[in-house]
Structures are given as C-alpha cells and as structure tokens.
Amino acid sequence: PLEIEVDEDLATFAGLWLADGCYDLNSVLVSVVEPEARAVVERVAKRFGTTPKMHSDGVTLMIHSKPFKQFLERVMGLQGDAYTKKMPGWMFNLEERLAAAVLCGYFSGDGWVRKNDIAIRSSSRQLLQDTQALLLRFGIPLRVKWKLLKDKTYEARISSQKFLSQYASRIGFVVNKKTDRASKWLNSRNHDVSDVVPLPKSFYREIKGVIKSEVGISRTYKGWKSF
C-alpha cells in the first residue's frame with residue numbers, strides 16, 4: 001500500500017487547514033495572508049504534484065486536485081466546517097515535534113499575540129477542547145471562555161509567563177511577525193500575568209463579613225474581582 005509520511009510541512013498544513021481551511025467540489029482552500037504560511041501551502045501542494053492558485057478574494061489559496069482533497073478528507077480525517085471541525089485521532093499520536101507543528105499551524109492561522117497572552121477564537125467547541133488536550137502534551141494549559149461571542153466564536157488563551165515562554169520555545173508560529181511578538185517572553189523578567197480561578201458570587205458574600213470583622217476592610221464584589 002502507498003505510505004505518505006507526515007512531515008513538519010504536512011503537519012503544519014493540517015493546522016492551517018483547521019484554522020482557515022475548507023473544500024469546494026474538487027479543491028482544497030486555505031485562507032492565508034502571510035508569505036511564510038503561503039510557502040507551507042505551496043510546498044505541500046508541490047509534494048502532491050500540483051500548484052496552488054490565488055482565489056479572487058486575494059487571500060485564499062486554492063489547490064485544485066480531487067485526489068488531494070480526498071486524501072485530506074478520507075485519509076487524514078480533516079473534515080467539518082467552522083462549527084464542527086475537530087482534530088483527527090492521529091494527531092494525538094504524533095511525536096512531539098510533529099504535534100508542535102500542528103499547533104504551530106493552527107495558532108499561526110487562528111491565533112494572535114497580545115500584550116499578556118496568546119489568544120485564539122473558534123466556533124467549534126470540539127476543536128478548542130482538542131487543542132487543550134494537545135497543548136497539555138507540552139504542559140501548557142489553554143483557558144477557554146465558554147461564552148459565545150457576537151461573531152459566534154469562543155475565545156481561548158494561553159497566559160502566564162511560564163506557559164507563554166514554553167509555547168514560544170517549543171511550538172512557535174509560522175508567521176514571522178507573530179514569532180517576533182512572542183519572543184518577548186523567552187527572556188522576559190516582566191511581572192507574571194497568571195490565570196485567576198473564578199469563584200461564585202455567593203463566595204464573596206460569605207467571606208465579606210469575615211474580612212470586615214477580622215481585618216476591618218470592606219470590599220465590593222467588583223473590587224474583589226480586580227484584586
């Protein structure tokens with residue numbers, strides 16, 4: 001039987017497809033803007049004997065190849081739309097460098113680097129849960145806010161100096177500008193920004209009286225949330 005090796009380019013391509021890919025009748029479409037990400041798509045297309053063409057939208061690369069589309073769908077298990085995408089099972093069995101490549105592609109497509117965290121958004125709950133699971137192989141927690149935003153996506157983020165540094169050093173980005181922004185965490189001595197575990201409002205009411213009687217300080221619920 002024919003065997004196709006999953007190398008770093010193909011793993012990264014799979015991550016890019018999870019972020020911004022889809023299919024039409026006989027083509028694979030991946031929306032990528034940055035030249036570094038487009039280069040990955042072009043190398044994978046060349047490996048399968050074809051050349052991507054630019055869509056009329058000026059952003060999406062189209063690989064017009066029915067065999068390649070069928071390979072991605074039926075063999076690699078890259079299926080679903082923005083609401084139903086998930087990581088196929090083989091991704092969780094990859095060696096570490098290839099698992100990192102999948103995450104690198106996904107975050108390069110859907111993620112962005114902010115001042116104190118790396119964030120992604122997705123309409124697929126399952127894809128975010130899969131991303132959480134794969135990141136845990138690297139000891140990196142992904143915090144998801146399960147509140148649907150106006151654009152019908154959920155937001156997730158990596159925070160804390162320790163985990164941001166691990167992401168930057170062990171996974172990284174395909175896109176140079178994101179890599180440059182993330183490099184600040186590799187040797188940073190800035191104050192750590194950690195996740196805060198949310199507590200129910202009833203908890204604050206219970207301890208408010210205790211703190212006031214024992215310490216002589218009264219804090220509002222809003223004040224506690226920012227403490």
Side-chain angles (χ1 to χ4, degrees), residues 1-32 36-53 55 59-111 120-138 140-142 144 146 152-154 156 158 167 170-175:
L2 178 65
E3 293 185 0
I4 298 177
E5 178 189 2
V6 177
D7 59 9
E8 290 189 27
D9 270 347
L10 189 54
T12 303
F13 176 90
L16 289 170
W17 187 91
L18 288 172
D20 289 305
C22 63
Y23 303 113
D24 67 6
L25 185 60
N26 291 312
S27 300
V28 180
L29 294 83
V30 185
S31 297
V32 283
E36 304 91 349
R38 288 181 177 177
V40 173
V41 177
E42 290 167 355
R43 288 196 298 269
V44 170
K46 182 178 180 180
R47 178 180 174 184
F48 286 85
T50 186
T51 302
K53 296 182 179 180
H55 190 275
V59 174
T60 304
L61 288 179
M62 302 176 59
I63 302 175
H64 186 70
S65 170
K66 186 175 181 179
F68 183 56
K69 176 194 173 186
Q70 291 177 335
F71 167 72
L72 293 183
E73 279 189 303
R74 299 178 185 180
V75 179
M76 295 194 72
L78 296 178
Q79 302 171 0
D81 57 25
Y83 300 94
T84 61
K85 283 182 180 179
K86 61 181 181 179
M87 291 186 177
W90 59 266
M91 288 185 175
F92 299 99
N93 297 317
L94 291 171
E95 59 183 279
E96 187 173 291
R97 68 181 180 87
L98 296 177
V102 170
L103 290 167
C104 177
Y106 180 52
F107 276 83
S108 293
D110 260 357
I120 55 171
R121 287 184 180 180
S122 176
S123 296
S124 171
R125 293 175 65 99
Q126 185 61 56
L127 181 54
L128 289 175
Q129 290 170 346
D130 291 343
T131 305
Q132 283 180 311
L134 197 57
L135 279 169
L136 287 177
R137 285 191 58 182
F138 301 86
I140 301 173
L142 179 71
V144 184
W146 296 115
K152 297 183 179 181
T153 64
Y154 303 97
I158 300 169
Y167 182 90
R170 300 178 66 187
I171 299 172
F173 297 95
V174 175
V175 181

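One-based numbering along the sequence shown.
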Considering residues at least two apart in sequence or located in another chain, which fulfil the side-chain hydrogen bond (donor to acceptor under 3.5 Å, both in side chains) criterion with D130? Q126
Hey, mind stepping through I171 and F138 against side-chain contact (heavy atoms from CB on, under 4.5 Å) and telling me if it holds? CA-CA 9 Å; I171 299 172; F138 301 86; 4.1 Å; yes
Any side-chain heavy-atom pair from L61 and K53 closer than 4.5 angstrom? no
What residues form a side chain to side chain contact (heavy atoms under 4.5 Å, CB included) with K46, not counting sequence neighbours? none
Side chains of M76 and L10 in contact at under 4.5 Å (non-hydrogen atoms): yes
For Y167, what residues pass the ring-ring contact (aromatic ring centres under 6.0 Å, His included) criterion, not counting sequence neighbours? F107, F173
Side-chain contact test, heavy atoms from C-beta onward, threshold under 4.5 Å: evaluate it for S122 versus L128 and give yes or no. yes
How would you list all residue pairs meeting side chain to side chain donor-acceptor pair (under 3.5 Å) that involve residues 74-83, not counting sequence neighbours? D81-T84
Taking it one step at a time, do L103 and M87 satisfy side-chain contact (heavy atoms from CB on, under 4.5 Å)? CA-CA 10 Å; L103 290 167; M87 291 186 177; 4.3 Å; yes
Crowded around K69 NZ? As in, over 12 foreign heavy atoms under 6.0 Å? yes
Sorted by chain and number, sequence neighbours left out, salt bridge (charged side-chain N to carboxylate O under 4.0 Å, His left out) with E96 holds for R170
Only counting residues at least two apart or in another chain, list the ones meeting side chain to side chain contact (heavy atoms under 4.5 Å, CB included) with P88. L78, W90, M91
What distance separates S65 OG from Q70 CD, expressed to the nearest 0.5 Å? 8.5 Å
Any chance you could measure L136, atom CG, to L142, atom CG, to the nearest 0.5 Å? 8.5 Å
I need the minimum non-hydrogen distance between C104 and V174, along with the two atoms involved. SG-N, 3.4 Å
Tell me which one of V32, V44, D110 satisfies side-chain contact (heavy atoms from CB on, under 4.5 Å) with L16. V32
Residues T60 and S31: side-chain donor-acceptor under 3.5 angstrom: yes
Apply side-chain contact (heavy atoms from CB on, under 4.5 Å) to N26 and H64, showing your working. CA-CA 6 Å; N26 291 312; H64 186 70; 3.9 Å; yes
Listed by chain and number, what are the side-chain hydrogen bond (donor to acceptor under 3.5 Å, both in side chains) partners of E73, not counting sequence neighbours? none
Closest approach of Y106 to T131 (non-hydrogen atoms, all atoms of both residues): CE2-OG1, 3.5 Å
Does the Lys NZ or Arg CZ of R125 fall within the cation-pi geometry relative to Y154 - under 6.0 Å from the ring centre and within 45° of the axis? yes
Verify, without hydrogens or angle tests, whether K85 (side chain) and W17 (backbone) share a donor-acceptor contact under 3.5 angstrom. yes
Quick one: list whatever passes side chain to side chain contact (heavy atoms under 4.5 Å, CB included) with T50, sequence neighbours left out. A45, I63
Minimum heavy-atom separation for L18 and L127, please, with both atom names. O-CD2, 3.9 Å
Contact list for residues 4-16, test salt bridge (charged side-chain N to carboxylate O under 4.0 Å, His left out), sequence neighbours left out: D7-R47, E8-R97, D9-R43
Say you draw a straight line from OG of S123 to NZ of K152; how long is it, rounded to the nearest 0.5 Å? 8.5 Å
Who pairs with F68 by ring-ring contact (aromatic ring centres under 6.0 Å, His included), at least two apart in sequence or on another chain? F13, F48
Sequence neighbours excluded, which residues qualify as side chain to side chain contact (heavy atoms under 4.5 Å, CB included) partners of V75? F71
Which residue pairs pass the salt bridge (charged side-chain N to carboxylate O under 4.0 Å, His left out) test with at least one member in residues 18-32, sequence neighbours excluded? none
